[in-house]
*Asks:* 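Pasting a structure here, questions to come.
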Amino acid sequence: MYMTRNSFISTLGAVVLVLAGTSCLQVDDISVPDPSQGKKKMGFDITVTRDGEEIPRESITKGATVDSDDNKIATMDKDIPFGLVGIDPQTESLILDNEAIFSDSEGYYGLFDMNLWDIPTKIMFSAYYPYVDNVSYSDNLDTYSIPFSSADTEAGPLVSKTVERAITQLNMLPLEFQHITNDIGYKIADVTPDPQLQGLIHLRKVTAYNIASAGVFINDVAMSQGLWRRQAYFRNVVVFEGDALVGVGEENEKFIGSDSLVDHMVDSHRYYAIPDEIKVGKQYVEVLYDVDGFDIGGFYYQPIKNLTAKYMLYGLLPDNVFVYGRQYTFHLGLDLTQIYKQVAFNASVSEWETKIYENNDTF
């Protein structure tokens with residue numbers, strides 16, 4: 001099914017716990033700690049999963065990848081650390097305060113003061129990627145906030161599930177990261193039913209309006225879940241700008257790239273956004289397109305430039321909300337019968353009526 005100007009139907013992709021993306025976050029004034037006396041080395045066994053299925057470890061350090069189903073999978077740039085938080089839930093004390101965890105040739109490691117290993121209780125560990133400097137905590141340390149904006153990274157942050165471990169027994173900490181933003185993309189096709197009007201559409205520009213782009217993720221380390229508190233900042237995302245002939249029918253539907261139509265999701269111009277509530281008349285997609293000239297019944301129709309179609313998002317998703325950690329692919333359908341409407345003429349000629357006027361000058 002396709003979205004047209006009158007019907008806007010989306011396909012919700014599979015729930016994707018982690019999506020593609022090598023972060024472009026710049027990390028300043030952070031140095032890798034050197035081993036020293038009085039420190040204990042702790043390893044981190046990082047697994048990245050999709051729908052509960054573990055991805056082979058060798059695939060998580062090679063940059064952006066795509067699985068066999070053409071879904072984007074998150075990877076971690078080994079040159080960029082992740083942040084680690086450790087909280088003692090009994091004393092409500094912060095044991096590890098936003099530690100930057102770096103990698104070497106063998107994996108990720110952290111060096112911590114031996115005094116930490118004297119704590120008898122279990123510690124709640126939580127982590128996020130990529131590392132940021134300014135993490136804040138609630139008064140009772142049951143949540144912490146990660147600032148995020150579209151300038152931080154092109155692929156939104158990853159957050160791990162909470163791990164509860166006794167430090168005295170710890171030498172390896174398994175961390176499973178999940179994506180906490182949306183991955184949104186588009187496919188397009190010419191769905192004009194009249195064969196005489198098919199194959200005439202050139203896509204020129206696609207813009208998504210009012211995309212939530214700033215907020216704070218509140219991670220509940222006790223419940224191992226989180227939520228977004230959006231800030232009042234929204235942006236318009238230019239998904240496509242170029243000149244591409246739109247294929248006819250579902251069998252020729254293609255993903256929208258930045259300046260061309262492409263066959264695969266990995267090559268498409270997808271963007272990451274903070275999950276948002278969809279409101280009436282607020283979020284929409286605008287398509288700018290041209291129509292080639294054509295002949296029908298011996299009459300030539302001139303080309304038309306800069307036509308627009310708008311597709312409203314309200315009413316498409318359950319409860320009108322985007323859910324974080326999911327891929328959304330919206331299908332756009334352009335239909336020229338909404339422009340060129342065929343009109344049938346029932347033409348007839350009535351019998352001649354003869355009238356005689358006295359002046360014989362007019363009928």
*Asks:* Please step through side chain to side chain contact (heavy atoms under 4.5 Å, CB included) for the pair Asp79 and Phe102, ending with a clear verdict.
*Replies:* CA-CA 8 Å; Asp79 294 329; Phe102 294 83; over 6 Å; no
*Asks:* Report yes if the side chains of Lys279 and Asn320 come closer than 4.5 Å at any heavy-atom pair, otherwise no.
*Replies:* no
*Asks:* Whether the side chain of Glu92 engages the backbone of Asp88 through a donor-acceptor N/O pair (distance < 3.5 Å, no angle test) should be reported.
*Replies:* no
*Asks:* Between Asn236 and Asn210 (side chain of the first, backbone of the second, donor and acceptor by atom type, cut-off under 3.5 Å), is there such a pair?
*Replies:* yes
*Asks:* Are Leu317 and Tyr271 in one and the same hydrophobic cluster, where Ile, Leu, Val, Met, Phe, Trp and Tyr link if side-chain heavy atoms are under 4.5 Å apart?
*Replies:* yes
*Asks:* Check whether any side-chain heavy atom of Thr207 sits under 4.5 Å from a side-chain heavy atom of Val237, and report yes or no.
*Replies:* no
*Asks:* Answer yes when Lys122 and Glu164 have at least one side-chain N-carboxylate O distance shorter than 4.0 Å, and no when they do not.
*Replies:* no
*Asks:* Applying the 4.5 Å side-chain criterion to the ILVMFWY set and letting contacts propagate, would Tyr314 and Val285 be lumped into a single cluster?
*Replies:* yes
*Asks:* So does Asp319 have more than 12 non-hydrogen atoms from other groups sitting under 6.0 Å from CG?
*Replies:* no
*Asks:* Okay, side chain of Asp259, backbone of Glu241: is any donor-acceptor separation there less than 3.5 Å?
*Replies:* no
*Asks:* Does one side chain, of Thr337 or Asp335, offer a donor that lies under 3.5 Å from an acceptor on the other?
*Replies:* yes
*Asks:* Within a 6.0 Å radius of atom NZ on Lys282, are there more than 12 heavy atoms belonging to other residues, nucleotides or ligands?
*Replies:* yes
*Asks:* Ile211, Val280: one ILVMFWY side-chain cluster at the under-4.5 Å cut-off?
*Replies:* yes
*Asks:* Roughly how far, to the nearest 0.5 Å, is the CE atom of Met124 from the CG atom of Asp142?
*Replies:* 10.5 Å
*Asks:* Cation-pi check for Tyr186 against Lys254: NZ or CZ below 6.0 Å from the six-membered ring centre and within 45 degrees of the axis, yes or no?
*Replies:* no
*Asks:* Judged by atom type as modelled, is there a donor-acceptor pair below 3.5 Å linking the side chain of His269 to the main-chain atoms of Val239?
*Replies:* yes
*Asks:* Could you tell me if the side chain of Phe294 sits less than 4.5 Å from the side chain of Tyr300, heavy atoms only?
*Replies:* no
*Asks:* Within a strict 4.5 Å, meaning less than it, do heavy atoms of the Ile188 and Leu261 side chains meet?
*Replies:* yes
*Asks:* With no hydrogens and no angle check, is any side-chain donor or acceptor of Asn252 less than 3.5 Å from a backbone partner on Ala189?
*Replies:* no
*Asks:* Just checking Asp139: does its CG atom have more than 12 heavy atoms from other residues, nucleotides or ligands closer to it than 6.0 angstrom?
*Replies:* no
*Asks:* Looking only at heavy atoms, which two atoms of Tyr137 and Asn98 are closest? And how far apart?
*Replies:* OH-N, 3.3 Å
*Asks:* Taking it one step at a time, do Leu94 and Val85 satisfy side chain to side chain contact (heavy atoms under 4.5 Å, CB included)?
*Replies:* CA-CA 8 Å; Leu94 193 59; Val85 172; 4.2 Å; yes
*Asks:* Please round to the nearest 0.5 Å and tell me the distance separating atom OH of Tyr131 and atom CG of Leu84.
*Replies:* 10.5 Å
*Asks:* Under a 3.5 Å threshold, yes or no: a donor from one side chain and an acceptor from the other, between Asn219 and Ser126?
*Replies:* yes
*Asks:* Should Ile87 and Ile95 count as side-chain neighbours, where that means a heavy-atom distance under 4.5 Å?
*Replies:* no
*Asks:* Please report the shortest heavy-atom distance between Lys78 and Ser103, naming the atom on each side.
*Replies:* O-OG, 2.6 Å
*Asks:* Got Phe217 and Val159 here, is their nearest side-chain heavy-atom distance under 4.5 Å?
*Replies:* yes
*Asks:* Taking the side chain from Trp228 and the backbone from Ile180, do they hold a donor-acceptor pair closer than 3.5 Å?
*Replies:* yes
*Asks:* Rounded to the nearest 0.5 Å, how far does CG of Asp190 lie from CG of Leu197?
*Replies:* 9.0 Å
*Asks:* Show your reasoning for whether side chain to side chain contact (heavy atoms under 4.5 Å, CB included) applies to Gln225 and Lys161.
*Replies:* CA-CA 7 Å; Gln225 62 185 14; Lys161 294 183 178 179; over 6 Å; no
*Asks:* Shortest non-hydrogen contact from Ile274 to Ser213?
*Replies:* CD1-C, 3.7 Å
*Asks:* What's the separation between atom CD in Gln283 and atom CG in Leu316, rounded to the nearest 0.5 Å?
*Replies:* 10.5 Å
*Asks:* Please work out which of the three classes, parallel, tilted or perpendicular, describes the rings of Phe299 and Tyr301, given edges at 30° and 60°.
*Replies:* perpendicular
*Asks:* Would a line drawn from the ring center of Phe322 to the ring center of Tyr328 be shorter than 6.0 Å?
*Replies:* yes
*Asks:* Testing Tyr108, Phe82, Tyr129 for ring pair (Phe, Tyr, Trp, His ring centres under 6.0 Å) with Phe177, which one passes?
*Replies:* Phe82
*Asks:* Okay, side chain of Tyr324, backbone of Gly226: is any donor-acceptor separation there less than 3.5 Å?
*Replies:* yes
*Asks:* Quick one, Asp220 with Leu227, criterion side chain to side chain contact (heavy atoms under 4.5 Å, CB included). Give me CA distance, side-chain angles, the key distance, then yes/no.
*Replies:* CA-CA 8 Å; Asp220 185 328; Leu227 57 87; over 6 Å; no
*Asks:* Are Tyr340 and Ile296 joined in one hydrophobic group, where the rule is that I, L, V, M, F, W and Y side chains link up if heavy atoms are under 4.5 Å apart?
*Replies:* yes
*Asks:* Looking at residues at least two apart in the chain, or sitting in another chain, which of them share a salt bridge (Lys or Arg N to Asp or Glu O under 4.0 Å) with Arg230?
*Replies:* Asp276
*Asks:* Between the side chain of His264 and the main-chain N/O of Val266, is any donor-acceptor distance below 3.5 Å?
*Replies:* no
*Asks:* Give the minimum heavy-atom separation between Thr181 and Ala273, together with the two atoms involved.
*Replies:* CB-O, 3.4 Å
*Asks:* I need the minimum non-hydrogen distance between Val321 and Glu277, along with the two atoms involved.
*Replies:* CG1-CA, 4.2 Å
*Asks:* Nearest 0.5 Å, please: how far is CD1 in Ile146 from CD1 in Ile218?
*Replies:* 9.0 Å
*Asks:* Looking only at heavy atoms, which two atoms of Lys187 and Phe255 are closest? And how far apart?
*Replies:* CG-CD2, 3.4 Å
*Asks:* Hey, what's the ring geometry for Tyr284 with Tyr209, parallel, tilted or perpendicular (30° and 60° as the breaks)?
*Replies:* parallel
*Asks:* Rounded to the nearest 0.5 Å, what separates atom CG in Leu200 from atom OG1 in Thr192?
*Replies:* 7.5 Å
*Asks:* Would you say Arg270 and Ile184 make side-chain contact, with heavy atoms under 4.5 Å?
*Replies:* no
*Asks:* Is there side-chain contact between Asn134 and Pro147, with at least one heavy-atom pair below 4.5 Å?
*Replies:* yes
*Asks:* Determine whether Ile278 and Tyr311 fall in the same hydrophobic cluster, where Ile, Leu, Val, Met, Phe, Trp and Tyr are linked whenever their side-chain heavy atoms lie under 4.5 Å apart.
*Replies:* yes
